[in-house]
Amino acid sequence: MTIDLPTPLTNPPPSDPSMGWGHSLARGAPGVLLLHAESARATGDWRAAHSWASASTRTPVPATPGSSLFRGALSVAFALHTAAHPGYADALRTLDQAVTTLLRGRLDRAHTRIDNVDLPALGEFDLVSGLTGFGVLLLHRSDDDGLRAVLSYLVRLTEPVHVDGENLPGWWTANGPADHPDGRFPGGHGNLGMAHGVSGPLALLVTAMRRGITVDGHANAVTRICAWLETWRQDEGTNAWWPPWVTRDENRTGRRTFRAAARPSWCYGTPGIGRALQLAAIATSNAALQDTAEAALLGCATDGHQLAQITEPGLCHGWAGLHHAVNRAAADARTPDLAASLPALASRLNATAPPQEVGLLDGRAGVELVRHTIQTGVPPATEWDACMLLNG
């Protein structure tokens with residue numbers, strides 16, 4: 001798919017550093033475009049944004065079955081829509097058509113899989129690779145019909161299944177966390193994370209609910225996911241946390257193998273899971289659940305053991321991601337404690353050497369976007385963090 005955009009006035013690398021870089025929201029040009037679009041909203045200078053938009057589209061944009069929010073046509077569409085420059089409108093209309101075709105195929109395959117009572121791959125439903133990511137783009141683009149189709153699928157995903165004499169949640173996968181068969185995970189696993197697990201579908205369901213977009217069974221699906229996440233919450237004094245996944249043996253016995261809190265990351269850890277649960281609590285007016293989620297978020301923002309596991313600045317599993325998740329949660333919190341933890345997190349972020357790569361999730365673009373939010377003291381004008389389901 002070839003797309004025309006405004007002529008660039010400044011230039012990123014003259015060629016893609018790696019295959020797919022031009023169409024990767026996670027590591028490539030679309031993620032860097034988000035940074036320059038946020039800046040352009042403040043300054044009115046669109047030269048750098050146009051340059052990175054052109055880098056995202058200088059080679060044909062792939063609209064293949066493997067396309068997702070963080071790769072291919074959806075990735076470029078999310079970045080161009082977030083930038084919201086009038087010059088990108090024609091490109092977006094072309095991309096919308098491709099996304100609609102891709103969505104139809106993905107939903108057909110997913111519903112057939114459910115009808116056959118097979119277990120899903122993570123990439124069928126998750127935020128990074130699956131239908132939750134499609135839902136994020138459709139919500140962002142105000143495509144209510146497409147979004148409702150995704151939400152109806154997610155409702156079906158939450159319905160329990162009976163496999164080998166055992167009841168499992170509908171999002172249970174036979175694969176390991178890398179989304180392929182793994183001998184270390186006999187019987188598969190249940191993934192809790194925001195990026196690859198059920199917290200992503202939960203965050204999308206409740207974000208749509210808060211905006212008045214619901215489907216049959218919506219509230220029951222939210223209740224099922226919240227109850228399962230609460231089952232696996234681990235309490236250590238005031239510092240509650242969640243493991244990144246549950247094994248088949250753990251599900252059967254109720255006993256966990258994780259003995260201490262994992263790294264407090266957006267992708268798999270308490271920052272992402274806690275924010276999803278906080279949003280669910282707000283959407284369902286559940287004050288007790290909101291207090292629980294916010295206490296867990298405060299714990300991961302202040303507990304030395306958890307913080308010691310962060311070794312990098314990035315959004316996915318570094319200081320930027322922790323700060324931004326807590327910052328977004330603090331704006332909705334019932335107490336000022338989360339907001340009070342932010343200056344120390346900002347200091348840790350600023351004291352960490354910047355990453356070498358340029359991209360959004362692990363690179364400088366993500367770090368600088370968070371620093372921009374810290375410096376301005378206001379939420380992102382572009383809502384770039386919708387791709388992380390943190391904006392609510």
Side-chain angles (χ1 to χ4, degrees), residues 26 34 126-128 132 136 192-204 206-207 210 229 233 239-242 244 261-283 289-303 306-307 309-350 352 360-362 365-374 377-380 383-392:
L34 297 183
D126 73 9
L127 171 60
V128 170
T132 296
V136 167
L192 285 76
M194 180 71 95
H196 298 291
V198 76
S199 289
L202 174 63
L204 178 62
V206 298
T207 298
R210 294 182 71 192
L229 290 173
R233 188 183 78 245
N239 295 330
W241 55 276
W242 287 268
R263 179 174 56 187
S265 61
W266 162 77
C267 53
Y268 268 106
T270 297
I273 299 168
R275 175 59 169 162
L277 282 169
Q278 183 201 33
L279 291 171
I282 294 168
L289 178 60
Q290 186 172 350
D291 289 343
T292 296
E294 289 170 6
L297 285 162
L298 180 63
C300 76
T302 57
D303 173 41
Q306 295 186 60
L307 296 178
Q309 299 180 69
I310 301 177
T311 59
E312 57 192 277
L315 271 178
C316 190
H317 33 252
W319 292 110
L322 175 58
H323 186 285
H324 200 67
V326 172
N327 193 12
R328 277 297 200 178
D332 294 324
R334 285 160 50 85
T335 73
D337 295 342
L338 281 173
S341 73
L342 290 170
L345 295 179
S347 294
R348 300 291 287 267
L349 172 61
N350 289 330
T352 307
L360 179 70
L361 287 188
D362 295 316
V367 171
E368 291 306 318
L369 278 163
V370 172
R371 285 178 172 157
H372 181 269
T373 300
I374 294 169
V378 297
E383 290 197 276
W384 60 264
D385 55 346
C387 68
M388 300 175 73
L389 281 169
L390 292 176
N391 63 325

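The first residue in the sequence is number 1, and the count goes up from there. Note that the structure is a prediction, hence the values are computed from the model and not measured. The analysis underlying the following values was restricted to heavy atoms, covering all of them including side chains, and did not include hydrogens, waters or symmetry mates.
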Do Trp384 and His324 have their ring centres less than 6.0 Å from each other?
yes

Nearest 0.5 Å please: distance from the OG1 atom of Thr270 over to the CE atom of Met194.
11.5 Å

Using 0.5 Å steps for rounding, measure from the CG atom of Leu342 to the OG1 atom of Thr373.
11.5 Å

Apply side-chain contact (heavy atoms from CB on, under 4.5 Å) to residues Leu390 and Trp266 and explain how you reach the verdict.
CA-CA 9 Å; Leu390 292 176; Trp266 162 77; 3.9 Å; yes

Here the gap from Leu204 atom CG to Leu279 atom CG, rounded to the nearest 0.5 Å, amounts to 11.0 Å

What is the distance from atom CD1 of Ile282 to atom CZ of Arg210, rounded to the nearest 0.5 Å?
4.5 Å

Heavy-atom side-chain proximity of Glu312 to Thr352 below 4.5 angstrom:
no

For Ala280 against Val206, the heavy-atom pair lying closest together
CA-CG1, 3.6 Å

Arg371 side chain reached by Asn350 side chain, heavy atoms, under 4.5 Å:
yes

Exercise: identify the closest heavy-atom pair between Thr132 and Pro201
OG1-CG, 3.3 Å

Show the nearest heavy-atom pair for residues Ser199 and Leu192, with the distance to one decimal.
OG-O, 2.6 Å

Sole residue of Leu361, Leu127, Leu360 in side chain to side chain contact (heavy atoms under 4.5 Å, CB included) with Cys387:
Leu360

Leu277 side chain reached by Thr292 side chain, heavy atoms, under 4.5 Å:
no

Between Ile374 and Leu349, is the side-chain contact (heavy atoms from CB on, under 4.5 Å) condition met? List the steps.
CA-CA 11 Å; Ile374 294 169; Leu349 172 61; 4.0 Å; yes

Ala261 backbone acceptor or donor facing Gln306 side chain under 3.5 Å
no

Ignoring hydrogens, what is the shortest heavy-atom contact between Leu297 and Ala329? Give both atom names and the distance.
CD1-CB, 3.7 Å

Strictly distance-based, threshold 3.5 Å: is any side-chain N or O of Arg275 a donor or acceptor partner for the main-chain N or O of Ala325?
no

Among Leu322, Ile273, Ile310, which residue satisfies the side chain to side chain contact (heavy atoms under 4.5 Å, CB included) criterion with Cys300?
Leu322

Heavy atoms of Gln278 and Gln290 approach each other most closely as CG-CG, 4.2 Å

Rounded distance (nearest 0.5 Å) linking atom CG of Leu389 with atom CG of Leu202:
9.5 Å

Leu298 side chain reached by Ser341 side chain, heavy atoms, under 4.5 Å:
yes

Cys267 and His317 have their tightest heavy-atom pair at SG-ND1, 3.8 Å

Check whether any side-chain heavy atom of His323 lies under 4.5 Å from a side-chain heavy atom of Pro313, and answer yes or no.
no

Test side-chain contact (heavy atoms from CB on, under 4.5 Å) on Leu369 and Leu315; report intermediate values, then the result.
CA-CA 9 Å; Leu369 278 163; Leu315 271 178; 5.6 Å; no

